[in-house]
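Before any comments, here is the structure.
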Amino acid sequence: MKKCSDLVFRYMRVDHLPQIWCPGCGNGILMRYVAAAIDDLKLEREKVVIVSGIGCSSRAAGYLDFNTIHTTHGRAIPFATGIKLARPELEVIVITGDGDCTAIGGNHLIHAARRNMELTVIVFNNNIYGMTGGQYSPTTPTGEYGTTAPYGNIDRQFDIPLLAAAAGASYTARGSAYHTQQTIKVIRDGIANPGFSLIDCLSPCPTYYGRKNKKGSAVDMMKYQRDHGITQTQWDKLSEEERKDKFIIGQLTKNDYPGYTAIYRQIIEKKRENTENKDRK
Amino acid sequence: MSRSVLMQGNEACVEGALAAGMRFFAGYPITPSTEIAEACAVRLPQVGGVFIQMEDEIAGLAAVIGASVAGKKAMTATSGPGFSLKQENIGYASLAEIPCVIVDVQRCGPSTGMPTSPAQGDLMQARWGTHGDHPVIAVSPSGVQEVYSLAIRCFNLSEKYRTPVIFLMDEIVGHMREGIVIPDPDSYEVINRPLSGVSGINKTCFHVDPGEWVPRMAPFGDGERYNITGLIHDESGFPTNDHDTARKLMERLFQKISCNYDDIVQVENDMMEDAEIAVVCFGGTARAAKEAIREARSHGIRAGMFRPVTVWPFPEKELRGWIPQLKKIIMAEHNAGQMLREVQRVTEGRLPISFIGKIDGTLIRPDEILQKINEANNEKMQ
Ligand SMILES: Cc1ncc(C[n+]2csc(CCOP(=O)(O)OP(=O)(O)O)c2C)c(N)n1
Ligand code: SF4
C-alpha cells in the first residue's frame, strides 16, 4: 500500500487543504480510502468522476483531483446517472452522507439500485446531520439523541446496504474509518463491480453524534468501530442476542445482473441499425 | 431539403431539439407535456442518444445537468407540478453555468389544477421560480412551426450563454396539430458551447477570457480535471465566502444576459406599423389575437399585435418603442395578470391598459379580444 502522503499528493488538491472537517472526523480517513482504492485499480484519472451532494461528507468531492461535481442536497445519484448515461466509459463514483443518500435522496437511491445503474455509491455514514449541526438522520439509532430528537429518537434506523440490496443493487458492503484494509478492499470491489454498488462507510462524527450521545472522544469512537465491526464468518457464529451491537465489515451481497447502460447500448445499436436500413431503402 | 409534415407541438419540440443536437433527455411523465418524453424515448436511440424516465422531475433535471456536464446537449420537459419540482436544480444550472433546456408545457391551476386545460400561469415562476437572484432566459412559442424553430433557438442560447433556458410552451401549442415545414439543416444555425481544450488540471476553469461572457467549458472525460459546485465559487471552481468574488460572479451572470439583450430578445410585431391599439400577448394566445386584429382591420380599426417571443428578459425596449403612437393596450393572457404587471411597469401609466385574463381553463376567444378592441376604438372617438 502507498504511503498516506503519496496518496495525498497524487490524488488530492493539496492547495485546497486542510479540509473543512473537524479534528477527529472520519471523513478525511474515508476520503483517503477512496483514493487508495482508485490507485489500486490504476484508473485513468481523467476517466474518473466524483459526484457528491450536500453535507460535510459531500465536501470530499472538492478535495479529490478528478472530474468532480458537488451538486444539490440529495441529488448526487441522479446527477451521476446523467453523467454515466452520457458517457458510459467514465467511472462514476458518488460520495454522499446518510441524510443526503437516504433521507432527501432516498428515492433516487432505490431507483438507481433498481436500475442497477453502473455507479459506485460510497456513503460516509455518521448517523447524524453533521453540516446542519446534529439533527437526527435516517441512520440515527432509535433512542439516541440529536438536536431535533431532544427526548430520544423514536424513528427506526435504515440498514443502508440491506435497503440497496433489496432495491436491486448488484454489490453491497460495509466498511468503517477504523477498518483500513477491509474498507479499501470493498471500495475497490465496488468500483470494479460493473453494476450498482453501495458501500456504507461508518464515519465517526465526534462533534455532533459523539457529543450528543456521550460516545467519548474521536479515539473512543474509533475504538468502538474496532470492537464492534466483525467479519461475516464471525457474524454467522453469533446468536441473535450477541449480534445486537455488532455490524459486519466486508462484502454483504453480490450478483451479476447486467448494468443499465450496457442494456441501453443494445437498444441504441438495434434502433440505429433499423433506422439506417430504413433510410437506405 | 425541407419537407412538409403534419405535427403536434410537443412532437415538433422534440424534432427541433434533435435538430439542435439534443442527445439526452431525462424526465417524468406529466400532462400536457408527456408526448415530449414519449417522442424522445422513440427518437433518441435512433440517433445514438439516450432517453431515461427518472423517478421524479427533480431527478430528471439532475440527470440532464449531469449529461450536459459530460458534454451532451440535454433537455427535460414537464408541466405544472413538475415545473415546481424543477426549480432547485434550475438555480444550480444557473449558478454553475451548465447549459440545458427545460420545457414547461403550462397547464391550468395551482396544485394539480386542471391537467388537460390550457393556462399561462407559470410566466412569473419561469422568471422567479428558483430561490435567490438569478438571470433567466425564457422563450414562448405561438404555433407548431415556431415550436420547432424556437426549440433550436433555446439550445443555441443555452449553449452560447451557458445557462438554463426555459421553453415556456402552453397546452394550446403543445397539443395543437399543424402542417409545418421541416427546414433544411443548412438553413439555420446550430451553436455549440465554447470549449476550453485544456488538458490535465484546470485551475481556472471558471475564468472568462477578455471579450467573452462565459467560461469555456470542458466536458467531463475529455481530459481536463476541475470542480463544479452550486456554491458561490471563484475562477478555480472552488467554493468561497469572499464577498468580492461573490459580487463579481453574480454581476457577470446578470450581465451575460443583460449585455446581450439584443441577441437574446425577439418579438413579433403584427400590423403594428400604424397601430393605435395594441393587443399584447404571448404563446398560444397569439392565435386569437391575430384573428381579432385582422377582423378589426377589416372594419378600418388600426389594431396590431405585439408579442414577446422571448418573454424573459422581458422585451421592454421594443414595447417602449411603440408607446408614442399607441392610444391603448389590451393585454390578453391565460393567467391572472402576470405579463400585465410587466406591461404596466414598462408603460409607466402613459397608456390605458385593458385586461383579458382567464384562469378557468377556457380559451380566450377572438371575439372577446375584438370586443375590447372595439371598446378601445369607441373611447378613442369620444
Ligand atoms: C434542499 C435542502 N434541504 C436542506 C438543506 C440543508 N442541509 C445541508 S446538509 C444537510 C444534512 C446533511 O446530512 P448528511 O447527508 O448526513 O451529511 P453530513 O453533513 O452528516 O456528512 C441538510 C439538511 C439543503 N442544503 N438543501
Ligand atoms: S460535524 Fe461531524 S461530520 Fe461534520 S466535519 Fe465535524 S465531525 Fe465531521
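Bear in mind that the values here come from a model prediction, so they are computed numbers and not experimental data. Each chain gets a letter, A, B and so on, in the order its sequence line appears, and its residues count up from 1. Below, each value reflects all heavy atoms present in this structure, side chains not excepted, and no hydrogens, waters or symmetry copies.
Between A/Asn274 and B/Gln46, every side-chain heavy-atom pair lies at or beyond the 4.5 Å cut-off. Side-chain contact check for A/Tyr260 versus B/Ile52: some heavy-atom pair is nearer than 4.5 Å. In this structure, the side chains of A/Glu46 and B/Glu224 stay at 4.5 Å or more apart for every pair of heavy atoms. Between B/Pro45 and A/Arg272 the shortest side-chain heavy-atom distance does not fall below 4.5 Å.
The line from NZ of B/Lys72 to CD1 of A/Ile83 is 12.5 Å long, rounded to the nearest 0.5 Å. To the nearest 0.5 angstrom, A/Ile268 atom CD1 is 9.0 Å from B/Leu44 atom CG.
Note: B/Asn227 leads B/Ile201, B/Val47, B/Asn227, B/Thr229 in heavy-atom pairs under 4.5 Å with chain A. Among A/Thr261, A/Asp65, A/Val51, the residue with the largest count of heavy-atom pairs under 4.5 Å with chain B is A/Asp65. Options A/His16, A/Lys47, A/Lys271 differ in how many heavy-atom pairs under 4.5 Å they form with chain B, and the most are formed by A/His16. Ranked by heavy-atom pairs shorter than 4.5 Å toward chain A, the options B/Gly71, B/Gly49, B/Ser199 are led by B/Gly49. The choice from A/Gly82, A/Gly105, A/Ala80, A/Ala112 that makes the most heavy-atom pairs within less than 4.5 Å of chain B is A/Gly82. Annotation: maximal heavy-atom pairing with chain A below 4.5 Å, among B/Leu61, B/Val69, B/Asp56, occurs at B/Asp56. Taking chain B as the reference chain and counting heavy-atom pairs below 4.5 Å, the highest number among A/Val48, A/Ile267, A/Thr71 is found for A/Thr71.
Residues B/Tyr92 and A/Phe79 bring their aromatic ring centres within 6.0 Å.
Both the backbone and the side chain of B/Phe220 come within contact range of chain A, judged by heavy atoms closer than 4.5 Å. Only the side chain of B/Ser236 comes within contact range of chain A, with heavy atoms under 4.5 Å apart. Residue contact with chain B, scored on non-hydrogen atoms closer than 4.5 Å, involves the backbone and the side chain of A/Leu85 alike. Contact of A/Arg59 with chain B is made through the side chain alone, with heavy-atom distances under 4.5 Å. Neither the backbone nor the side chain of B/Ala26 has a heavy atom closer than 4.5 Å to any heavy atom of chain A. Heavy atoms closer than 4.5 Å to chain B are found in the side chain of A/Arg13, but not in its backbone.
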Next on the checklist: What verdict does the side chain to side chain contact (heavy atoms under 4.5 Å, CB included) test give for B/Arg225 and A/Thr68, after you've listed the backbone C-alpha separation in whole Å, the side-chain angles of each residue and the deciding distance to 0.1 Å?
Outcome noted: CA-CA 8 Å; B/Arg225 301 196 305 275; A/Thr68 58; over 6 Å; no
Checklist entry - Can you check side chain to side chain contact (heavy atoms under 4.5 Å, CB included) on A/His70 and B/Leu231, steps first, answer last? => result CA-CA 8 Å; A/His70 177 231; B/Leu231 287 164; 3.4 Å; yes
Checklist entry - Hey, mind stepping through B/Lys203 and A/Asp15 against side chain to side chain contact (heavy atoms under 4.5 Å, CB included) and telling me if it holds? => result CA-CA 10 Å; B/Lys203 292 188 178 174; A/Asp15 40 349; 3.3 Å; yes
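The number of heavy-atom neighbours closer than 6.0 Å to CG of A/Asp155, taken from other residues, nucleotides and ligands shown, is above 12. More than 12 heavy atoms of other shown residues, nucleotides or ligands fall within 6.0 angstrom of atom CZ in B/Phe51.
A salt bridge is defined here as a Lys NZ or Arg NE, NH1 or NH2 lying under 4.0 Å from an Asp or Glu carboxylate O, and B/Asp222 with A/Arg87 meets this definition.
With B/Tyr226 contributing its side chain and A/Phe66 its backbone, the two residues share no donor-acceptor pair below 3.5 Å.
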